[in-house]
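Letters A, B, ... mirror the listed sequences (proteins, then strands); counts begin at 1. Excluded from the calculations below are hydrogen atoms, water molecules and symmetry mates; all remaining heavy atoms, backbone and side chain alike, are included.
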Amino acid sequence: MIFNSIEFFIFLPIVYLIYCRLAHRPQNLFLLAASYFFYGWWDIRFLYLITLSTSVDYCCGILIDKGKISNRQLTSAVGYVLLSGIGFLGIGNYILEHDLLQTLWMTAAGVGASFGFFFLVLALERREQGLSMEHKKKIYLATSLIVNLGILGAFKYFNFFVDSAQTLLGGLGFADVSLVTLNVLLPVGISFYTFQTMSYSIDVYRGKLKPCEGYLDFALYVSYFPQLVAGPIERASHLLPEILSPRKLNMQQTIDGICLIGYGLFKKVVIADGLAGAVDAVYGTSGVVTSADIAIATLFFALQIYCDFSGYTDIARGVSKMLGIELMLNFRLPYFSRSPSEFWQRWHISLSSWLRDYLYIPLGGNRGGSFATYKNLMTTMILGGLWHGAAWNFVLWGGYHGLLLCVYRAVPESFHAWWLRSRFREYFGFWISMALFFVFTLYGWLLFRAVSFEQIATFTGALLHLKGLGDPLTVPMPPFSALLGLPILVGYELVSFAAERGRYPLAPLRFLKPLLHGLMLFAFVASLSTPPAQFIYFQF
Amino acid sequence: MNPLSRFLRNLGLSLLALLALDFAIGRFLSPSYRLQGGSLERYFGYGFSLQNKLERMVGTNDSDAHPLATAGWNTSLPVRVPAREPDCETRYTFYGMSFSNRIANALAEQDPCASIRLVAGPGAPLSHSYSEYQRLHDQDDAEIVVLGVLASSLAKNLSTAHFNSAFEAPGAHMYPRYRWLNGELVETMPPAKSLDEFRTLLNSDVERLKTFLSAHDEYYSPLVFAYPQFDKSIVVRMLRRAYGQSFKRNLLDDFRTSDGRFTNKNNLLDISLAMLVGAARTAEQDDVRFIVFLINDQGFTESLDDAFAQDLSARDVPFLSSTSIIDARNVSNFLPDGHFQPTLDQELANALSRFLSH
């Protein structure tokens, strides 16, 4: 189910109204059922992966902390995987495919994996009895990471690496070698929930978090529907306490949630979907485009991806707010950044902080001298790029941002100090550095959006040589709704940025707010004729 | 003031602002619909009810009607455009739509011996071309008949009127609906066969028109066609347009798989194939050379080839496809109005000449 669909706007009020009438424990159970329904609407069979990941991390969390797991806890974990193997894989597959033989295979695989999981936990518990607790903890953590990364690798990266290997072999003269690929769909949101569950195991391992004792509570933490498919990637230390403690619902929260949902929908439907056609017209063509086309389409893409992703986050946070659970901020006016490090503190904050805490710092961070720092930065950013998708252009995009971070870091301290003192900076530097870094960000988006390396090379060459400047444009005019919505968005972001700096230049014009909302509603109604599109980050 | 009251007050004020905008923009932009005016006028005009649009388009007589309203009602064969070199004249008749017309014109430019006649309707589906060919073939002196099939129009075989499938910029013409019953094509004629008949029907018996469309046209939606009394509101027009598009999208989704192939829902493919084979047999009886031109337009890569190539080959119906010449995924192959680039029309005409010379 996607947030910008009719089904979701039938689903949400029903969930909300029932939820409000329940006590805390039933609320959690109901939210879990609603979350599975929300995810299963897309493809019920992939819920099995979620329950498998949930059970593995639930058991590993307890084992890491205590070194043993009670029979009740193990039974509930295995029981849920077994049930989901029969229900989600078996019955779900039969409902979708009407193929009895395939269903039997799927059920057998699900049941087999459940028993495999059961014996794995038993084996872990028994075999490691002679080892020290520290050693055992490492093994349990490794098990959690291997299972999660294994699921991610099989469904998201396996074919990518096989295809790349095939290309490499072809280049080396082994073109007739045919490697096996998997014929599977990429489960929606897999990168988000595997990272979320891995952070739980790591935090328990680090002693930052006590493991969750209740299986259903933990299952809700993994599958909480507002943020399940496209984040924010919540930390267990933040989300689990909210799930475990009774929530107080009040009208103000609900209203704030509705407003966030409204603004998120405006960003997604009016701006992101409105600009998509213009972006696709340039990036989807193999014909000749001018440098102006590329520049405009890339600028539009920057706005599209921001509004698409931050719009999703706003809706997720709004829905969660209505349910009395605060999700973390994922975007903080990223295009007002003046440096690469500031950009990553403002863009997809839940991922960048995840990468910082669970990859960059464990790699050594900036503790091992300049070279090691650059190496760690590049590794983190390249893997961060790869997280976005199984394609080389995402790796390149990650590498490009890593390079920007390294170059920024390499600038001598004396230059920073001079720059901070300079009078020029005082008057103009703020906006110039913002504009300059925005240009770098835009080039990053070109790498991100390009469909091939050949296109990256062609577009970069066209931009450098100002190819076809003055020629007629290929990029089509965005629809009226997007043209009306863009100044509203820019104005809103500027006012928010001013507010972030403690300035409220438009406060006296507050009485015009209803007119602004009226305009937003008008743009929204006008945009309804644009075909609804999936959220870009669903594919990650 | 408590949060709920404040929220409701703000919501009320925002809705009032929306109404004010609706009123202000509605007054600023002309509420008439004649397909002219500025781009904003056209933009806000897409959502007028079809009844309103058609009433304005058909006018009081044919000379007063909009050109789009007069197109597609072929009551007789058009005059043949003579060959530039009459000594070597080859007579072609192209049945189809603007795409086939453009290929025909490109052929006439390339081949001085080609004498061309065009029987077409705006975005006409196969059912329109087939019925026109069956009706006119006795009067047609063509040596070569080219039947153009446009991928984006194929599902319109289940419609009976251009305006239902192209509600944003409608034409007025109607055409027969074919159904597949017991392995045979069954024809249902529309209640109006000329613009004059249509004008009379629309002005004096619109309920009969609605009843017919409701029974025989899968593209018909009462919310898109009727309720002209709400046309004054721009917001309602925008909502109607959004609904119309969503209705059409959902309808088309039933006729195409996610990988772009046509499905045989409501016997769409059976009906289409029967028409193609039927037209070929008619041409055979008339001793006329016949060729089907499969035109895969934007977003329909190989869709028609997948649907018909094998069956046409098996039934010895000659055909040519645009797929080998034009990549329908490449947007630069298309003009902003969706037609092929003129150079590609030339290439298609060239391919047709080569095909016919074999």
Side-chain angles (χ1 to χ4, degrees), chain A residues 5-6 185 250-259 262 269 273 277-290 293 297 451 472-484 510-533, chain B residues 2-25 38-44 46-47 167-168 233-250 252-253 258 298-299 327 329-337 341 344:
Chain A
S5 66
I6 301 280
L185 283 174
N250 63 51
M251 189 51 72
Q252 188 60 54
Q253 254 179 337
T254 305
I255 289 166
D256 290 348
I258 291 171
C259 292
V269 178
D273 291 355
V279 175
D280 294 347
V282 172
Y283 280 91
T285 180
S286 53
V288 178
V289 285
T290 66
D293 282 320
V451 294
L473 294 176
T474 298
V475 60
M477 178 80 95
F480 165 79
S481 51
L483 293 178
L484 178 62
R510 203 169 282 155
F511 68 95
L512 287 177
K513 237 179 172 178
L515 182 64
L516 182 75
H517 291 156
L519 274 170
M520 288 168 86
L521 276 173
F522 192 80
F524 185 78
V525 174
S527 70
L528 291 176
S529 54
T530 312
Chain B
N2 69 43
L4 182 62
S5 311
R6 199 167 53 239
F7 174 70
L8 290 176
R9 189 200 63 182
N10 287 341
L11 185 67
L13 285 173
S14 303
L15 288 174
L16 268 179
L18 178 68
L19 278 178
L21 279 167
D22 190 353
F23 180 74
I25 299 173
S39 55
L40 262 186
E41 263 178 317
R42 281 208 306 278
Y43 181 85
F44 290 121
Y46 290 134
F167 71 93
E168 288 183 345
S233 162
I234 284 181
V235 170
V236 170
R237 295 200 312 250
M238 292 194 299
L239 287 172
R240 193 203 308 267
R241 182 187 182 206
Y243 169 77
Q245 288 194 340
S246 150
F247 175 80
K248 200 168 137 184
R249 259 196 314 272
N250 292 339
L252 290 175
D253 282 349
S258 55
Q298 200 164 357
D327 179 1
R329 285 165 301 197
N330 186 352
V331 287
S332 65
N333 285 336
F334 297 89
L335 296 171
D337 66 2
Q341 293 284 359
L344 296 173

Flag side-chain contact, heavy atom, 4.5 Å: B:Leu19 against B:Leu15: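 Answer no - side chains too far apart.
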Examine whether an atom of A:Leu516 lies under 4.5 Å from a heavy atom of chain B, and if so say whether it belongs to the side chain, the backbone or both; otherwise answer neither.
->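 Looking at A:Leu516, nothing touches chain B.
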Segment of A:Thr254 engaging chain B (4.5 angstrom heavy-atom cut-off):
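Looking at A:Thr254, nothing touches chain B.
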(Q) Exactly one of B:Arg241, B:Met238, B:Gln245 should register a side chain to side chain contact (heavy atoms under 4.5 Å, CB included) with B:Tyr46. Which one does? (A)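 Only match with B:Tyr46 under side chain to side chain contact (heavy atoms under 4.5 Å, CB included): B:Arg241.
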- request: Heavy atoms only, distances under 4.5 angstrom: which of A:Cys259, A:Pro479, A:Pro514, A:Ala281 has the most pairs with chain B? Name it, please.
  value: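 So the answer, after comparing A:Cys259, A:Pro479, A:Pro514, A:Ala281, is A:Pro514.
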Choice from A:Met251, A:Met520, A:Lys513 maximising heavy atom contacts with chain B below 4.5 Å
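That would be A:Met251.
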Any cation-pi pair here, B:Arg240 with B:Phe167, using under 6.0 Å and within 45°?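 Because its charged atom misses either the 6.0 Å distance or the 45° angle limit, B:Arg240 does not stack over B:Phe167.
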So which pairs with a foot in residues 8-23 of chain B pass side-chain hydrogen bond (donor to acceptor under 3.5 Å, both in side chains), sequence neighbours left out?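 Passing the test, one end in residues 8-23 of chain B: B:Asp22-B:Ser233.
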Least distance between heavy atoms, A:Ala278 atom then A:Pro476 atom:
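Answer, listing the atom of A:Ala278 first, then A:Pro476: CB-O, 3.5 Å.
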What part of B:Tyr243 lies closer than 4.5 angstrom to a heavy atom of chain A: side chain, backbone, both or neither?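 Neither part, no heavy atoms under 4.5 Å.
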Query raised in the report: Tell me, side chain or backbone of B:Ile234 under 4.5 Å from chain A's heavy atoms, or both, or neither?
Result: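 For B:Ile234, the side chain is the part near chain A, not the backbone.
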